[in-house]
Amino acid sequence: MHELQKPVTTLPGVGPTRAGLLAKLGVHTVGDLMELFPRDYVRRDTGVAIGDLIPDQVAAVVGTIESCQEKRTQRGRRLEATLSDGMASMVCVWFRWGRWITDKLEVGARVWVSGKVTVFRGVVQMMHPEVEVIGDSGRDKPDDFWSGRDVLPLYPLTEGITQKWLRRLVIEAFAAHHADVTENLPAQLIKLYGFTQRGAAMQKQHFPVTGTDIAQVRQRFAYEELFYHQLMLARCHHLRTEARAGMSLPVQRKFTTWLKQRLPFSLTAAQKRVIREIVADMESTAQMNRLLQGDVGSGKTIVTLFAMLIAVENGCQAALMAPTEVLAEQHFRSISRLLADQPDVRIALLKGGKSRDKTALKEAIAAGEVDIVVGTHALIQKGVVFQRLAFVAVDEQHRFGVKQRSQLADNESRPDILHLSATPIPRSLALTLWGDLDISVLDELPPGRKPIKTVWKAADRIGEVYNAVWSELQKGRQAYMVCPLVEQSEKQDLLDAETLYERLQKGPFKRYKCALLHGRMHSDEKDRVMQAFQRGEIHLLVATTVIEVGIDVANATVMVIEHAERFGLSQMHQLRGRVGRGAEESWCYLVAHPPLGEEARIRLQTMVSSTDGFVIAEKDLELRGPGNFFGTQQSGLPAFRHANIVQDHQLLKAARADALKLVEHDADMQQPDHAPVRNHYFPTYAERERLFRQ
Ligand code: ADP
Ligand code: MG
């Protein structure tokens, strides 16, 4: 075992209990401890005057103890020591104490204290500060490594672990293992970025001296982390394409050309660019694994159909898998419409359940009598065998598990795979999550689209919103109204879908057909409601956020979001995308209930001022941070220790480019220059690589 991979219990003074506490900080091995960098530092050399202390900041002060006594208050006992620097004084407070602290607080002693500054009733205070006696009292332990230091680290702590103990442990770890820290980046990258060598950089993080540029040293560790993650993704991509040779499917200019000529519009520049990227992939014998990102309405369907027709004109089959029956049917309808006068391309819809038709359809698929199959999960069920599957599109790919997606990819014929996503994801997140895929982006909407008018309304003006909805319904259009909850909750005074539905159906919208849609309904029932809405039999749909992403009802022109202050930006953008799909002008009303926090205001303002999904997603990421971007959903985002993909975006881009280049030239890192990378990568990352590649 490598020295740094030894458990922390090999360090003096660490038994099972302490090891358990350290584990809470993510520290299991000696190496983890050495990479547990301080969350902050205090400086002892700069004498901050008590009068200059700033509330809520961690600071260090030198002064003389003027008094020290126990006080009893209604809330219990506390120890208070008054400290003066000759100009001003402050109070240090402890709720738990012992000889270890009272010994230091002798009246007249000169001490150094450090802690977070608070102000209570005009008095400057520090709760449970660190204290060190200085000067000639003789109590300063000469063997204390830290006593002569200007800058002290502040580590993240957990109950049961003190700064002092942790600092000592870090010193012990460095004393014993300092020489075991090896460089893990190739020399040319270190030189390129001007990084400090790994061991020295680590020491600087823990034991900086005045003048050390800690932020600059930290960059190296953030880079390292991003680089190794990207390296794993790049290797997965490389190994997959190498191992899985598929078919070469060059454009035959038959159905593809027919489609282009038949379209009543010309493709956008973004569509042309993405089609070029897909064409190159399909022509290559390597298996395509491409993510196509594009906001709702950016024209993903045409691009996908184009790719399908390449497969078909090469005498092969293509499939499109959607996450729900409603979406599958919708895709089937739009593809059927586009291919209406092209009898040479045979399309079919494969749904779940059992029927005689389905058995016949499966036989036709196996016999190659169907060219394009649209379906749900049913496509990957046993018994569905394609004669010659060459292309698969997976719609709303994040709604399928990695396993389900790879099931189609693993088909013997190694079909090219196009993953579709209508959820704009900021580039930094996409590169981190799906860096093993190639990414294409449709970042341009077809011309002539009428932008959706977005209006922010305070809840007490809901009457105006109802009037607006009313007038649209009178014109024969349809509307959505979304609220955050299904049913009345006692704790929160929020509108729920059921209450709202009853209120609207009985009151202002009596003359119209309203319906309710929420996630607790059975999926058949949900489908029935959605289909009725699609047929125009329901005028006003009251729903929770379950309204399908990708649902396309061109006649719906109003989206009302109740309690808009409760919704995340990306979610509101998705909801707004349900309207504005036809030729008519569309509206989105954001109904906000006070009081509004600062962030809620920023979100609403962003929605009003932008309709660009990528701009909104970037703002969302900025507000929420990478960990919360997907809400409660399992995002699969790796937990980086040093890097933050938002703040370190430039570093991420650089790390990705470097990793791709390395894999392209030396996938197994065999060159002597790459030895540091090879040694660090295997076995640590190779293990993860296997999991990731499935
Ligand atoms: P997405 O699947 O990305 O939400 P669609 O492919 O359904 O978008 O396209 C939305 C609408 O825009 C469709 O009605 C489609 O016919 C139309 N469309 C697609 N590309 C263009 C284009 N280049 N010019 C004009 N209209 C287009
Ligand atoms: Mg290919």
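A quick note: this is a predicted structure, and the numbers were derived from the prediction, not measured. Whatever order the structure lists them in is the order used to number ligands and atoms, beginning at 1.
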Which atoms from ligand 1 have a heavy atom of [X] less than 4.0 Å away?
{"X": "Arg581", "result": "4 (O)"}
{"X": "Thr301", "result": "2 (O), 5 (P), 6 (O), 7 (O)"}
{"X": "Gly299", "result": "1 (P), 3 (O), 5 (P), 6 (O), 8 (O), 9 (O), 19 (C)"}
{"X": "Leu267", "result": "23 (N)"}
{"X": "Val296", "result": "4 (O)"}
{"X": "Gln271", "result": "19 (C), 20 (N), 22 (C), 23 (N)"}
{"X": "Asp295", "result": "3 (O)"}

(message) Test of understanding: given a 4.0 Å heavy-atom threshold, classify the contact between Thr268 and ligand 1 as side chain, backbone, both, or neither.
(response) both

(message) Heavy atoms only, cut-off 4.0 Å: how does Ala422 contact ligand 1, side chain, backbone, both, or neither?
(response) neither

Is any NZ, NE, NH1 or NH2 atom of the basic residue among [X] and [Y] found under 4.0 Å from an Asp or Glu carboxylate oxygen of the other?
{"X": "Lys513", "Y": "Glu537", "value": "no"}
{"X": "Lys619", "Y": "Glu622", "value": "yes"}
{"X": "Asp341", "Y": "Arg262", "value": "yes"}
{"X": "Asp443", "Y": "Arg273", "value": "yes"}

(message) Show me the pairs that pass ring-ring contact (aromatic ring centres under 6.0 Å, His included) and involve residues 517-540, at least two apart or across chains.
(response) Tyr480-Phe533, Tyr512-His539

(request) Look at atom 13 (C) of ligand 1 and say which protein heavy atom is nearest, naming residue and atom and giving the distance to 0.1 Å. (result) Arg449 NH2, 4.9 Å

(request) Note the single closest protein heavy atom to atom 22 (C) of ligand 1, along with its residue, its atom name and the distance in Å. (result) Phe265 CD1, 3.2 Å

(request) Would you verify that at least one protein heavy atom lies under 4.0 Å from atom 27 (C) of ligand 1, or report that none does? (result) yes

(message) Less than 4.0 Å from atom 7 (O) of ligand 1, is there any heavy atom belonging to the protein?
(response) yes

(request) Compare all side-chain heavy atoms of Lys526 with those of Val529 and state whether any distance is below 4.5 angstrom. (result) no

(message) So, 4.0 Å and heavy atoms of Gly297: is ligand 1 close enough to count as a contact?
(response) yes

(message) Less than 4.0 Å is my threshold; does some heavy atom of Ser266 fall inside it relative to ligand 1?
(response) yes

List the atom of [X], the atom of [Y], and the distance in Å for their closest heavy-atom pair.
{"X": "Asn555", "Y": "Gly476", "result": "ND2-O, 3.0 Å"}
{"X": "Leu350", "Y": "Val384", "result": "CD2-CG2, 4.0 Å"}
{"X": "Leu473", "Y": "Gln478", "result": "CD2-CA, 3.9 Å"}
{"X": "Ala319", "Y": "Phe386", "result": "CB-CZ, 4.0 Å"}

